[in-house]
Amino acid sequence: MTRTPLTNLDEVQLLDTTLRDGEQMPGVSLSPGEKVDVARELDAAGVHLIEAGSACTSEGEREAIRRVADEGLDATVTSFARGVKRDVDHALDCGVDGVNLVVPASDKHVETKVGSTRDEVVETTVELVEYAKDHGLWVEVLGEDGSRADLDYLERLLGAGLDAGADRICYCDTVGAADPERTAEVVSRLADLGPTSLHTHDDLGFGLANVHAGLKAGADTVHGTVLGVGERAGNVALEEVAIALGESYDVDTVELSRLYRLCRTVSEATGVALPPNKAVCGANAFAHESGIHTDGTLKDGTMYEPYPPETVGRERRLVLGKHAGRAGVKAALAEHDVAVDDDELREVVARVKELGERGKRVTDADLLAIADDVRGRERERHVELVDLSATSGGNLPTASVRLRVGDDERVASGTGAGPVDAGLEAVRAALAGDGDGERGSDDERDGVAFELDSYHVDAITGGTDAVVTVEVDLSRGDRSVSVSASDADITRASVVGMVDGLDRLLAAEADAANAEPGAVADD
C-alpha cells in the first residue's frame, strides 16, 4: 500500500499515564504492588516515560510512586503535579525523575476553576518550572483544557514554560472535545516553540485520530493509557497508537510483541475486562469463525488479517459455531491431533453448526466430544472432579478438592483472593501432589503442570438463582484447550471447567505418547 508519510520521525516516544490518568477511571484503584507490576511491564515493552501517579493525592499514593521510582527502570518515571509548589515538593520526596506540571490554559480553568488571571498563571508557571529544574527534575508543562484555550494565550503560556527551562510542552485535549482539524491547528503552533507532546481523550471517538493529526502537525510524543482506561470515555489506547504507527507508517514506538502481555497485565490489575472486539488485545482480534474467512486464512494468513497475530504476541484462533466450514473444523481437530475421514468430518461439521445455531460457543472440549462420539470412541478420563467445597467468609477464602487422577484419588486445599481463586490453587496443589494450595514463589510452584490463560464468566439466566457459564482457556507446554461449564455456583462451574480442560490436555498428551513411543510428558 502506498501511504502518505505521517511524520518525518523514525521514532515517536510514548508516555504512559495508566498509573495516574488511567486510575481516575471509576472503580479502579491500584495497590503499590499492582503499580509496580504494571510499571515493570511498561518498562519491559520499552515505554519511554511512565507517569507513576499523582504525588499530591495522599501518603499512600506517594509510597506507591516511591516504589515505582525505586525499581531502577530504564523509563523516565514522573509524577503529576498541579501548578503549586507543594506538589513539586511531594514529587521530589518520591524520588521521581520528573514532573508533568499541569497548569490551567482555558479561561474556564483559569478564572472559574482556580480563580486566577492569565498573567498570574504565566508567572506561577515560570516560577515552578525554574524551581523544578533547580532541583534536577525533568519537566513537561501541560496546558489543561488546551484544546479549548485561546490559542494566542496558550502559545504565550507554554512558550514561557519552555523559556524557563521546561524540557517539553503538551497539547491537552482534556475533555476530548477537539476534532483533528483543531488539533492540527493548535499543535502546529506549539511545535514551532519546542518539543511537543499530545494528550488526547476519546469522548468524541477522535482520540487516535487526534494523535495522528498532532503527529502530522509536528508533535513527537504521545500520552496514552493501556486499554484506553481513564475517566469518562478514557484516554487514547497506548497499544492502538503503537500498532497503528508501526504497521501503517513504519514508525517505532515500543516492543510490539509485548503489547498483548501488557494489556493482560493492566486488565488483571484494574479489573477492566478486555472487550472482545478490541484492537490488539480483544479475544476476537485474530479469531475466525466464518467458513469463507477461515478457509482463506488457512490458505494465506494475510487474507483476512492486516498483520500477523505474532506481531503483538498473539496467536490466531479458529472459532467454531454456526458459520463454521469444513476447512475450519478440520484445522481445529488437527490442532488436537485428531484425524477424521471425509464422512466423519461431514458429520462433525453438521453437529458443530447445530450446536452453534443454539447460540452456544463451541469450545475445544465440545468439538472433541463430538469427534469422539462420531468416531464411536469412549473417552477415558485422566482427571475428574470427585468433590469440592469452598468457603468465602472471613478474611481468607478457602477451597478443598478431591480429584481422581488416573487410578489415584488426591485431596488438597487452597487459599486465594476469592473462592474461585482458592479453588484454582487447590486444583494446582492436588495435581502437584502437595495437598496444600497456599501461594508460594514461582519456584515453589514449578510442579504445577498447567496455566490458566483466560477466564470469562457470563450469567445466562436472571434472578438471584442465576446460572452462570464459565469459559476458560488452559495450556500445558505448547498445547491449549478451551472449555465451558455452567452451574448456579460460580466456584463449581469454574473448577469443573478447569478440571475438564486439564483432562482434555492430558488425554491429548497420552494419545501423542501412544502414537510416538518413547515420548516424554512435559511435566
Side-chain angles (χ1 to χ4, degrees), residues 18 22 25-28 176 200-212 224-248 256-298 301-325 328 332 356-357 359-364 453-460 468-473 480 482 484:
T18 303
M25 179 176 180
V28 172
T200 68
H201 284 258
D202 208 33
D203 297 77
L204 296 179
F206 276 140
L208 188 55
N210 284 338
V211 164
H212 283 221
T225 62
V226 179
L227 305 182
V229 295
E231 53 199 350
R232 304 183 316 278
N235 298 52
V236 70
L238 179 144
E239 69 278 3
E240 293 181 8
V241 173
I243 192 64
L245 292 181
E247 286 297 311
S248 294
L256 299 181
S257 63
R258 296 191 69 98
L259 287 179
Y260 181 58
R261 178 173 175 172
L262 177 58
C263 291
R264 289 280 302 274
T265 299
V266 170
S267 176
E268 291 167 6
T270 60
V272 176
L274 302 176
N277 60 335
K278 177 80 164 58
V280 177
C281 61
N284 295 340
F286 302 98
H288 305 274
E289 177 182 335
S290 167
I292 295 173
H293 280 210
T294 298
D295 183 60
T297 301
L298 289 170
T302 65
M303 190 78 70
Y304 291 104
E305 292 171 350
Y307 58 90
E310 295 80 11
T311 303
V312 293
R314 300 288 303 274
E315 293 181 353
R316 182 176 297 116
R317 290 194 312 121
L318 301 180
V319 180
L320 301 181
K322 70 176 185 179
H323 301 294
E357 288 282 0
K360 188 179 187 305
R361 176 196 172 195
V362 182
T363 66
D364 295 336
D453 297 322
S454 71
Y455 174 87
H456 180 72
V457 180
D458 276 322
I460 58 176
V468 299
T469 292
V470 173
E471 295 182 354
V472 295
D473 290 340
S480 62
S482 60
S484 66

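In this chain, numbering begins with 1 at the start of the sequence shown.
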(message) Applying side chain to side chain contact (heavy atoms under 4.5 Å, CB included), can you list everything that pairs with S267, at least two apart in sequence or on another chain?
(response) L227, L274
(message) List the residues meeting salt bridge (Lys or Arg N to Asp or Glu O under 4.0 Å) with E310, not counting sequence neighbours, and say none if there are none.
(response) none
(request) Would you mind listing every salt bridge (charged side-chain N to carboxylate O under 4.0 Å, His left out) that reaches into residues 226-237, with sequence neighbours excluded? (result) D203-R232
(message) Can you list everything that forms a side chain to side chain contact (heavy atoms under 4.5 Å, CB included) with R314? Sequence neighbours excluded, please.
(response) Y260, A285, F286, P309, V312
(request) Please tell me if the side chains of T18 and V229 come closer than 4.5 Å, counting only heavy atoms from C-beta onward. (result) yes
(request) Check whether any side-chain N or O of D202 sits under 3.5 Å from a backbone N or O of G207 as a donor-acceptor pair, and report yes or no. (result) yes
(message) Just so I know, are the side chains of T225 and M25 near enough to count as touching, which here means a heavy-atom distance under 4.5 Å?
(response) no
(request) Taking all heavy atoms of P275 and all of A273, pick out the closest pair and write down the distance. (result) CD-O, 3.2 Å
(request) Return the set of residues passing side chain to side chain contact (heavy atoms under 4.5 Å, CB included) with T200 (not counting sequence neighbours), or none when no residue passes. (result) N210, V211, V236
(message) In the structure I gave you, are the side-chain heavy atoms of T265 and V226 within less than 4.5 Å of one another anywhere?
(response) no
(request) For V472 and V470, work out which heavy atoms get closest and say how close. (result) CG1-CG1, 3.9 Å
(request) Compare every heavy atom of A244 with every heavy atom of H212, then report the nearest pair and how far apart it is. (result) NE2-CB, 4.0 Å
(message) Which heavy atom of E471 sits nearest to which heavy atom of S484, and what is that distance?
(response) CG-CB, 3.9 Å
(message) Restricting to side chain to side chain contact (heavy atoms under 4.5 Å, CB included), what partner residues turn up for A242, sequence neighbours left out?
(response) L14, T253, V254, L256, L259
(message) Around atom CZ of R264, are there more than 12 heavy atoms from other residues, nucleotides or ligands closer than 6.0 Å?
(response) yes
